[in-house]
K.L.:
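Can you keep this structure in mind? I'll have questions shortly.
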Amino acid sequence: MTWDSGFALSLIPQLLAGLRITVEITVLGMLIALVVGLFVAVVRRSRIPVLSWLFGFYVQFVRGTPLLVQAYFAYFVLPDYGITFSPFLTGVIVIGINYSAYTAEVYRAGVEDVPAGQWEAATALSLPVPRTWVRIVLPQALRTSVPVLGNYLVQMFKDSAVLFAISVYELMGHVEAIGSDTYRYLEPVTIAAVLYLIVSLVASQLVRLLENRLALSR
Amino acid sequence: MSQIAQSQSAQSRETMISFANVSKSWGDNHVLRSLDFEIGAGEKVCIIGPSGSGKTTILRILMTLESPDEGLVTVAGGTLWDVKAGHKPRETKQMKATRRNVGMVFQQFNLFPHMTAVENVVEAPVRVLKLSKQEARERAVELLGMVGLQEHLQHKPAQLSGGQQQRVAIARAMAMRPKVMLFDEPTSALDPELIGEVLEVIRELAHSTDMTMLMVTHEMRFAEEISDRVVMFDQGVVVERGTPAEIFKHPTEERTRRFLRAVLER
């Protein structure tokens, strides 16, 4: 099979549309992962009976099963129990939940990095626990967490390709559609790889810039 | 004569801090053994003694950073801890209300590193005392001026020397207007040339306020100078207590003599 430039060019609008969906999934999925992960990390650290243990199990369970299995479960099994979302929404939720287990661990490490003396100073000033989290502990924990969270964002962007398996028409979904229509994979896969690479590189650079800025403002 | 007058006035003061039968151990290490003692309102008391003798634990229990295994602790008439042997200590509303009377200055300063000096001092008065931002800020500026840091209001802890950081920490604790101020070895983490400026601030507080002050320190001359009373502590018990003159000039216990010889001959 030889490279057909005319064919390749004709694919670009469709693949860019797919890339757009990929980016949307990543942005929405990361929002879920950031919020849910933070909630999980704070509850676990607060040692609330039962709930903290349950969230610990949640992290182990989600990290211990493959994203593709979770996606299949959500898309093919849950509808049997009356829970049905569009492929796009299912994909966003699945990848968000999946990554929340990882972000929860990132936050946890950041929180553990905050010295005990910070909690003690807050107690000595009678700051209520929620205020201590919001004003004292999290601002310091997030500083160490942001670079790692940034790397997870880039990783999620690439991992979202898996979601073509539950018929989400993101970038890889379009590659698969073109391939099965035309029996040509060389051009769509190559273009997709280049698009993934460009976005990943740009995003990684942005993460690094952010990292340097945080290091400077310390 | 003046000493007698002083100790009489100390007795007639109302009690600010009281420990009754307070015990605390870590496994086999008994850091406090049925401790009983009282401190009157406005008294300046220094606790001296060898490292690991439980001195800091007394302060940490008063700040509710640690709980006793047993005993009753009250501050300003409110119950901070009331723990029966074998029962789990609990955080109560009463404890939280009582704790408001207590402030603490830490060995390691424990300033909030992401906030400027002013923000460090303003935070709790705004959130806890519900002062307006404007009023809290004015008071913070005043307090930071009092500890000689009017030039450093907008500096973050990392931009300040250890002595300056500790002075911010003192201003931060003062901003909550505590009746009792605890100092946990406030100069131990400082370079020698920075100790003086921090002691000067504490000395000024001791002379100019009616706050009750309880300090754990290794600065013997300072303890002698500012205290109304000195408590010698070792292995979880009070070895000896008295006026600075009694403890430093005429200690009655051999243990105290040995300790003072060791630290003063450094």
Side-chain angles (χ1 to χ4, degrees), chain A residues 34 38 41-53 106-150 209-218, chain B residues 56 59-67 91 93 95-116 119-130 136 156-159 165-166 168-178 180-184 189:
Chain A
L34 289 176
L38 183 60
V42 171
V43 168
R44 285 189 76 189
R45 164 81 194 211
S46 302
R47 305 219 174 78
I48 301 165
V50 186
L51 209 56
S52 293
W53 178 87
V106 176
Y107 289 125
R108 186 171 70 106
V111 169
E112 280 171 5
D113 254 12
V114 176
Q118 294 290 305
W119 291 96
E120 294 183 351
T123 302
L125 294 168
S126 285
L127 281 180
V129 172
R131 286 270 23 125
T132 304
W133 274 108
V134 172
R135 297 283 300 171
I136 311 300
V137 176
L138 289 179
Q140 297 182 61
L142 292 187
R143 238 164 236 231
T144 44
S145 303
V146 162
V148 192
L149 292 174
L209 273 176
L210 187 64
E211 199 175 334
N212 288 339
R213 251 197 121 122
L214 283 174
L216 277 180
S217 71
R218 207 158 266 222
Chain B
T56 289
L59 301 192
R60 291 178 62 84
I61 284 175
L62 277 169
M63 199 64 262
T64 71
L65 302 175
E66 267 162 40
S67 56
E91 287 219 354
K93 274 208 168 109
M95 171 216 268
K96 285 181 186 169
T98 306
R99 177 167 72 196
R100 289 256 192 117
N101 296 309
V102 186
M104 185 160 176
V105 173
F106 297 88
Q107 188 177 349
Q108 301 292 340
F109 330 137
N110 297 351
L111 290 181
F112 305 132
H114 54 302
M115 297 182 180
T116 64
E119 287 167 348
N120 263 279
V121 180
V122 161
E123 183 67 21
V126 170
R127 305 292 165 191
V128 183
L129 301 182
K130 311 287 181 200
K156 292 203 176 165
Q159 297 167 289
Q165 288 187 55
Q166 191 61 300
V168 174
I170 292 170
R172 181 177 70 173
M174 289 294 296
M176 293 296 287
R177 301 205 163 142
V180 174
M181 184 74 96
L182 310 173
F183 295 88
D184 183 15

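To find a chain, count down the sequence lines: A is the first, B the second, and so on, and within it residues start at 1. Remember, predicted model here, so these are calculated numbers, not experimental data.
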K.L.:
If you count heavy-atom pairs under 4.5 Å between each of M104(B), Q108(B), R100(B) and chain A, which one has the most?
P.N.:
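Heavy-atom pair counts peak at R100(B).
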K.L.:
Looking at residues at least two apart in the chain, or sitting in another chain, which of them share a side-chain hydrogen bond (donor to acceptor under 3.5 Å, both in side chains) with T64(B)?
P.N.:
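For T64(B) the side-chain hydrogen bond (donor to acceptor under 3.5 Å, both in side chains) partners, ignoring immediate neighbours, are R99(B).
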K.L.:
Which region of M176(B), side chain (C-beta onward) or backbone (N, CA, C, O), has a non-hydrogen atom less than 4.5 Å from a non-hydrogen atom of chain A, or is it both or neither?
P.N.:
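Contact with chain A: side chain only.
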K.L.:
Which bit of V128(B) comes within less than 4.5 Å of chain A, counting heavy atoms only: side chain, backbone, both or neither?
P.N.:
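For V128(B), the contact with chain A is made by the side chain alone.
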K.L.:
Decide side chain to side chain contact (heavy atoms under 4.5 Å, CB included) for L34(A) and Y107(A); before the verdict, give the C-alpha distance in whole Å, the side-chain angles of both, and the deciding distance to 0.1 Å.
P.N.:
CA-CA 9 Å; L34(A) 289 176; Y107(A) 289 125; 3.4 Å; yes
K.L.:
For chain B, find its close neighbours in residues 128-137 of chain A: heavy-atom separation under 4.5 Å, sorted by number, or none.
P.N.:
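Counting heavy atoms that sit under 4.5 Å from chain B, the residues of residues 128-137 of chain A involved are P128(A), R131(A), R135(A), I136(A).
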K.L.:
Minimum heavy-atom separation for P178(B) to A173(B), with atom names?
P.N.:
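What the structure gives for the nearest pair is CD-O, 3.4 Å.
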K.L.:
Looking only at heavy atoms, what is the nearest atom pair of F109(B) and A169(B), with distance?
P.N.:
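The answer is O-CB, 3.8 Å.
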K.L.:
For E120(A), enumerate each residue passing the salt bridge (Lys or Arg N to Asp or Glu O under 4.0 Å) test, keeping only those at least two apart in sequence or located in another chain.
P.N.:
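Partners of E120(A) under the salt bridge (Lys or Arg N to Asp or Glu O under 4.0 Å) test: R60(B).
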K.L.:
Picking from P115(A), S126(A), P139(A), A122(A), which has the most non-hydrogen pairs under 4.5 angstrom with chain B?
P.N.:
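Result: the option with the highest number of such pairs is S126(A).
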K.L.:
Please identify each residue that fulfils side-chain hydrogen bond (donor to acceptor under 3.5 Å, both in side chains) with Q118(A), with sequence neighbours left out.
P.N.:
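For Q118(A) the side-chain hydrogen bond (donor to acceptor under 3.5 Å, both in side chains) partners, ignoring immediate neighbours, are Q140(A).
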K.L.:
Check each atom of L182(B) against the heavy atoms of chain A and say whether the ones under 4.5 Å are side chain, backbone, both or neither.
P.N.:
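Contact with chain A is absent: no heavy atom of L182(B) under 4.5 Å.
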K.L.:
Looking at F112(B), does the NZ or CZ of R172(B) lie under 6.0 angstrom from its six-membered ring centre and within 45 degrees of the ring axis?
P.N.:
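Checked: cation-pi criterion met.
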K.L.:
What closest approach, in Å, do S52(A) and V43(A) show between heavy atoms, and which atom pair accounts for it?
P.N.:
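Taking S52(A) first and V43(A) second, the nearest heavy atoms are OG-O, 2.8 Å.
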